[in-house]
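One structure is given here, and the rest of the page talks about it.
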Amino acid sequence: MTATPVSHTPSQDAAAVVAEYKRYRSERQERLAARIQAHARFSYLRLFLVAVGVATLIAGGLNALPWLLIPLFLFVVTAILHAQALNARDRAASAVAFFDRGLARMAHDWIGRGRTGDEFKPEGHLYADDLDIFGRGSVFELLATTRTRAGEATLAAWLLAPAPVEEIRSRQVAVRELAERLDLRETVAVLGDQLRVGVDAALLRRWAASPLTLHGLGVRLALVLLVLATIGSLAWWARTGVGALAMAVLFVQLGAAQWFKQRVVAVIDAVDEPAHDLDLLVGLLRTIEREHFTAPRLVALQEAIGRDGHRASAEIGRLSQLVAVLASRRNVLFAFPAALLLWATQWSFAIEAWRARAGAHIPQWLEAVGEFEAMLALGTLAAEHPDYVFPELTPGATSLVADGLAHPLLPPDAVRNSLRLTRSAIHLAIVSGSNMSGKSTFLRSIGVNVVLAQMGAPVRAVALQLSPLHVGAAIRVQDSLADGQSRFFAEIMRLKQVVDLTRRTNGAVLFLLDEILSGTNSHDRRVGAQAVLIGLVQLGAVGLVTTHDLALGEIAQQLPGAATNVHFDDSFEGGVLRFDYQLKPGVVHTSNALELMRSIGLEI
């Protein structure tokens, strides 16, 4: 294993991206100001037209009613144009916010501004907690520029499990293409309300797969004929004064409504929540359909949402219209006519007919949208960090070779280090060092970059080459009062999981162990750590272990040629503790604990 520190500063390319974002933001800000002025002008014009109508009515009385048609017509036209102006204003505001968020990410001012993804964090995962995959200031918060729950879920799934090598390579090609498509990323960002994530994919999938409750073309035609008969009999009553037929038909219609009521209510309840934000889904699908892509992965997604003669955006658009028409029954002025027309019953039948025809395609469409959004999010990461590189995947013996690697969640001036772990040479690096010297952060830097690499994302390194790896970490293992587990017991259970994973994968594991077995006495710790580490190495895994216990450095002597000692050191000068965070060969020879205690006035 090599331990070469690499000096690195933000690239000129990053400065160019910042300049481009600022230029686009300035243009969108000017557009927003113009849209705000247009909104004000339309508001004043509508008030003026209302005033003209009132003045006309006052001046001419009932005789002026025909003249009211002119300001009324102009008011309607103005209202339509005003609505378009408001939509344009909102899109301009969303565009400004899109570039603001991008600039904040590039200035490392994004923590606490995004979504944490905590709902996706599984219990007992082998690295999710240890590597800060979810939570405030997490990898998910940095990456999650998605607009739908489907996109979030896909991104979370990719963060939690490595993809096959060919899958990773196909994603890399797509991510590279999307990184160059700033216009596309902006288009997606301004769809709908940019402050909110929409389209609950899980609910929509469950609704699409649930059994049909209303069906039958003959029944639908019978209901239409019944409504026509009701209207006709009421007209006959109004004309002749004979209401017996109308009362009879109304009685039949009331019976039909009661017969279907329970199933109609079930349809309304079932579709109400999943159908939220369908316009956003339509916009995303239409965007994917209309774009010209060259990456095979993106072309395949386009084919997936247009397969079997069902164009996804058109079909979801129809569903959105059906749901909107059904919801119109809630209008107070339309409530009585809606009841007379069996509105809820007829449109519930129409929605169920749509589901029977196109519902089976919803999971496929949502999967395509989720995958597209996840790759677009990775494209954003690549575009905003031009100094990141795409790793090279090398099938074969377990290996990890990194040059100039740093943690993606740290500021731009973070110190970089290099390492080399291979099954044919150094399997294990024992990292010693004092408190706060950077040992745990180094482990997380390696782990997070490996996770990014195996989801198809670029990584924060000068170069990274790795074989397919499963990450197993014991960095932030906690005790559990609820489960009655001590920290030591929780840690040995995690170690067992890592060993079991290594056996299942034939050694294709990167283990990251922080202060191994620190919850027991020094003798048991040394013996237990030696057994675990030698076992992992013999099974073919590679990894790192950190320690304050310098005696653990002797394990390298038990594994000649397969293990090495490296360290982070520090200096204590003038009461100030200083770290350079540079990985160096050998065992650490400095300790800051006593000096640190004295510096805060704790008597030794």
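Index from 1, following the sequence.
Cation-pi check for Arg176 over Phe390 is met; the charged atom lies under 6.0 angstrom from the ring centroid and within 45 degrees of its normal.
Note on Arg113 versus Asp109: salt bridge recorded, some NZ/NE/NH1/NH2 to OD/OE distance being below 4.0 Å. Ion pairing of Glu371 with Arg171 is absent here, as no side-chain N (NZ or NE/NH1/NH2) approaches a carboxylate O to less than 4.0 Å. Ion pair Asp500/Lys496 flagged as a salt bridge, since at least one NZ, NE, NH1 or NH2 atom sits closer than 4.0 Å to an Asp/Glu carboxylate oxygen. Residues Asp130 and Arg444 are not paired through a salt bridge, judged by the lack of any N-O separation under 4.0 Å between the basic side chain and the carboxylate. By the 4.0 Å N-to-carboxylate-O rule, Arg25 lies close enough to Asp100 to be salt-bridged with it. A salt bridge links Glu152 with Arg149: the distance from a Lys NZ or Arg NE/NH1/NH2 to an Asp or Glu carboxylate oxygen falls below 4.0 Å.
For the residue pair Asp132/Ser138, the side-chain donor-acceptor check at 3.5 Å is not satisfied.
In terms of heavy-atom proximity, Thr154 sits nearest to Ala374 at CG2-CB, 3.8 Å. Taking each heavy atom of Ala295 and Val173 in turn, the nearest pair found is CB-CG1, 3.9 Å.
Ring pair Phe579/Phe568: centre-to-centre distance not below 6.0 Å.
The aromatic rings of Phe99 and Tyr24 lie parallel to each other, with less than 30° between the two planes, well short of the 60° mark.
Residues Leu513 and Leu544 fail the side-chain proximity criterion, which asks for heavy atoms closer than 4.5 Å.
Other residues, nucleotides and ligands contribute more than 12 heavy atoms inside 6.0 Å of the CD atom of Gln497.
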